[in-house]
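Just so it is clear, the values below take in all heavy atoms, side chains as well, and ignore hydrogens, waters and symmetry mates. Chain letters run A, B, ... following the sequence lines, proteins first and then strands; every chain starts at 1. Quantities reported herein were computed from a predicted structural model and do not represent experimental measurements.
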Protein chains: 2
Amino acid sequence: MSTSPSPRGRRPDPAVDAKIRAAVLELLLQRGLEMTMDEVAAHAGVGRASVFRRYPTKRDLLLDALTQVLDVQVAIPDTGSLAGDLRQVVADTLAVWRDDRLAALSRQVLGETGRDPVVADLVRTSMRDRMARSWVVYERAIERGELRPDGDLWLLTDLFAGLVAYRGLLGLDLPDPDEVVRSLLHGFATTG
Amino acid sequence: MSTSPSPRGRRPDPAVDAKIRAAVLELLLQRGLEMTMDEVAAHAGVGRASVFRRYPTKRDLLLDALTQVLDVQVAIPDTGSLAGDLRQVVADTLAVWRDDRLAALSRQVLGETGRDPVVADLVRTSMRDRMARSWVVYERAIERGELRPDGDLWLLTDLFAGLVAYRGLLGLDLPDPDEVVRSLLHGFATTG
DNA sequence: GATATCAGATACTGGGAGTATCAAGATTGA
DNA sequence: TCAATCTTGATACTCCCAGTATCTGATATC
């Protein structure tokens with residue numbers, strides 16, 4: 001509404017903001033969520049107080065960083081067939097777990113989900129948005145008559161998202177995208 | 001192999017063991033993994049040293065407790081049809097997330113999975129064992145001609161285990177067992 | 001009895017989050 | 001120019017908790 005009432009003294013240095021954010025992102029990949037606040041300040045080449053002035057708690061700092069990390073756009077495939085498009089989406093979902101550092105980070109983030117509802121909310125929303133963005137794939141498939149129009153599409157989505165998260169989290173071998181798609185589309189029952 | 005070389009002094013009191021274990025299990029449901037060692041000792045009505053004598057670190061204590069918790073036997077269904085049996089297995093898998101306290105604990109345990117590989121190993125093994133125990137369901141179904149004999153049964157298993165874990169972990173609404181089974185057996189593609 | 005170990009209690013160490021304080025620099029308003 | 005206000009970086013402090021150390025007393029073997 002009203003513009004800020006013109007702050008009196010020295011103003012926060014945007015460069016410091018940037019240096020802190022960069023340091024956190026670097027440390028996220030390098031040390032995971034267990035970085036210390038001193039490390040953040042040191043890596044940023046910044047005073048400890050400057051960190052705590054921006055982020056009241058370490059949790060706030062991590063939440064801010066996670067918001068950035070989770071906000072990654074994904075391309076929407078259009079291969080012409082549902083199987084092709086889905087294969088692409090599944091493969092994209094798998095990509096995160098192929099890189100060791102990203103996989104480790106993902107594990108920790110999914111982990112944090114279990115103890116901090118706000119993190120859970122972040123991840124949930126982010127996954128929902130990400131998946132919803134590829135909803136066109138389903139719509140096109142229904143128009144083409146490849147996909148049952150009465151199916152629960154969130155169920156379909158969560159089946160492979162869950163599979164990947166589950167295997168990734170527990171360190172199991174990741175599935176083959178083609179086989180996942182085939183199974184999801186045609187099921188495991190004998191085609192009678 | 002050789003019997004213990006006859007310990008010299010006073011011997012560990014089994015009652016203390018039991019009191020500690022009980023206290024940990026109680027605290028697990030009540031406070032999650034964030035209990036303190038003092039709380040454990042206090043709840044057990046036992047000296048702090050007695051706890052640390054048995055468990056070198058808090059992690060060891062939790063690992064022991066988790067081993068107990070994860071070692072829950074599950075009944076193997078035999079309803080006569082694959083759909084019925086599977087429905088039962090899925091419902092059993094869901095049961096954990098229906099109780100609030102168990103759900104909270106499961107979230108934290110799945111979470112710990114992300115930061116401690118040994119916990120991941122515990123959970124992985126436990127899930128594998130648990131699922132393998134209901135492998136008969138698949139074998140019977142194949143004999144009855146209900147299940148494709150060339151399907152990747154671990155994929156089938158992990159699809160619903162992953163779905164449930166994923167939704168449970170993120171706090172999403174849990175799926176309807178019947179719909180899950182139907183989707184897994186017949187797929188989402190138009191039956192053409 | 002001598003010795004070794006456990007039980008319980010209490011005090012200590014060390015690391016890390018968060019707080020408090022300070023001197024120096026930056027920005028605005030008078 | 002000057003005074004007030006805020007940031008910056010540095011340092012020291014408190015608090016919490018895991019893990020260690022010590023001590024007294026109890027209990028077991030030799």
Side-chain angles (χ1 to χ4, degrees), chain A residues 2-24 26-28 30-66 108 111-112 115-116 118-119, chain B residues 2-24 26-28 30-66 108 111-112 115-116 118-119:
Chain A
S2 59
T3 84
S4 44
S6 128
R8 276 276 271 170
R10 174 177 184 172
R11 281 154 15 165
D13 186 347
V16 174
D17 293 32
K19 280 194 282 186
I20 294 178
R21 281 185 133 107
V24 173
E26 185 193 335
L27 282 171
L28 259 190
Q30 181 181 324
R31 297 227 2 178
L33 304 179
E34 291 176 2
M35 65 182 87
T36 72
M37 293 302 260
D38 295 85
E39 283 173 329
V40 173
H43 265 71
V46 141
R48 196 177 144 71
S50 293
V51 179
F52 275 104
R53 197 170 295 113
R54 276 150 242 262
Y55 304 99
T57 78
K58 180 179 175 181
R59 182 165 164 270
D60 293 296
L61 179 137
L62 289 179
L63 284 177
D64 182 71
L66 285 186
Q108 292 205 5
E112 209 52 22
R115 50 181 69 194
D116 189 336
V118 178
V119 174
Chain B
S2 58
T3 85
S4 43
S6 134
R8 276 275 269 169
R10 175 177 182 175
R11 288 176 349 191
D13 185 347
V16 174
D17 294 31
K19 281 193 281 186
I20 294 178
R21 281 184 131 107
V24 173
E26 185 192 336
L27 283 172
L28 259 189
Q30 179 181 324
R31 297 227 3 178
L33 304 178
E34 291 175 2
M35 65 183 87
T36 72
M37 294 301 262
D38 296 85
E39 282 173 330
V40 173
H43 265 72
V46 141
R48 195 176 143 71
S50 293
V51 179
F52 276 103
R53 199 170 294 116
R54 276 150 241 261
Y55 304 98
T57 76
K58 181 180 175 181
R59 182 165 164 270
D60 293 297
L61 179 137
L62 290 180
L63 284 178
D64 182 71
L66 285 186
Q108 292 205 6
E112 209 53 22
R115 51 181 67 194
D116 189 335
V118 177
V119 174

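As rounded to whole Å, 13 Å separates atom P of C:dC6 from atom CD1 of B:Ile20. Atom pair B:Phe52:CZ and C:dA7:P shows a separation of 15 Å (rounding to whole Å applied). One atom, CG of A:Leu33, and another, C1' of C:dG16, lie 16 Å apart when rounded to the nearest Å. Protein atom NZ of A:Lys58 is 21 Å distant from nucleotide atom P of D:dC15, rounded to whole Å. Going from atom CZ of B:Arg31 over to atom P of D:dC17 covers 8 Å, rounded to whole Å. Rounded to whole Å, atom C1' of C:dA17 lies 9 Å from atom CG of A:Asp38. The interatomic distance linking B:Met37 (CE) with C:dG14 (P) rounds to 20 Å, in whole Å. Following rounding to the nearest Å, B:Glu39 (CD) and D:dC17 (P) show an atom-to-atom distance of 8 Å.
Between the side chain of A:Arg53 and the base of D:dG9 there is no donor-acceptor pair of N/O atoms closer than 3.5 Å. Taking only distance into account, the side chain of A:Arg10 meets the base of D:dT7 through a donor-acceptor pair shorter than 3.5 Å.
Using a 4.0 Å cut-off, some side-chain N or O of A:Arg11 falls inside it from OP1 or OP2 of C:dT28. Considering only side-chain N and O atoms, B:Arg8 lies nowhere under 4.0 angstrom from the phosphate OP1 or OP2 of D:dC30. Between D:dC17 and B:Thr36, no contact under 4.0 Å exists linking OP1 or OP2 to a side-chain N or O. Contact between the side-chain N/O atoms of A:Arg54 and the OP1/OP2 oxygens of D:dT8 is found at a separation under 4.0 Å. Contact between the side-chain N/O atoms of A:Ser50 and the OP1/OP2 oxygens of D:dG9 is found at a separation under 4.0 Å.
Among the nucleotides D:dT8, C:dA7, C:dA9, the one closest to any side-chain atom of A:Val16 is D:dT8. Relative to the side chain of B:Pro12, the nucleotides D:dT8, C:dC6, D:dG9 differ in distance, and C:dC6 lies closest.
A salt bridge is defined here as a Lys NZ or Arg NE, NH1 or NH2 lying under 4.0 Å from an Asp or Glu carboxylate O, and A:Asp13 with A:Lys19 fails to meet this definition.
For the atom pair CD of B:Glu112 and CG of B:Leu33, the computed distance is 5.5 Å after rounding to the nearest 0.5 Å. Summarising the geometry, atom NZ belonging to B:Lys58 is positioned 12.0 Å from atom CG belonging to B:Leu63; distances are rounded to the nearest 0.5 Å. Rounded to the nearest 0.5 Å, atoms CD (B:Gln108) and CG (A:Asp116) are 10.5 Å apart.
Contact check for B:Leu62 versus B:Met35: side-chain heavy atoms found under the 4.5 Å cut-off.
Nearest-nucleotide assignment on DNA chain C puts the 5′-proximal partner with B:Gly9, out of B:Gly9 and B:Arg48. Each of A:Pro14 and B:Ala49 has a nearest nucleotide on DNA chain D; the 5'-most of these lies closest to A:Pro14.
B:Arg59 comes within 4.0 angstrom of no nucleic acid atom, judged by non-hydrogen atoms across all strands.
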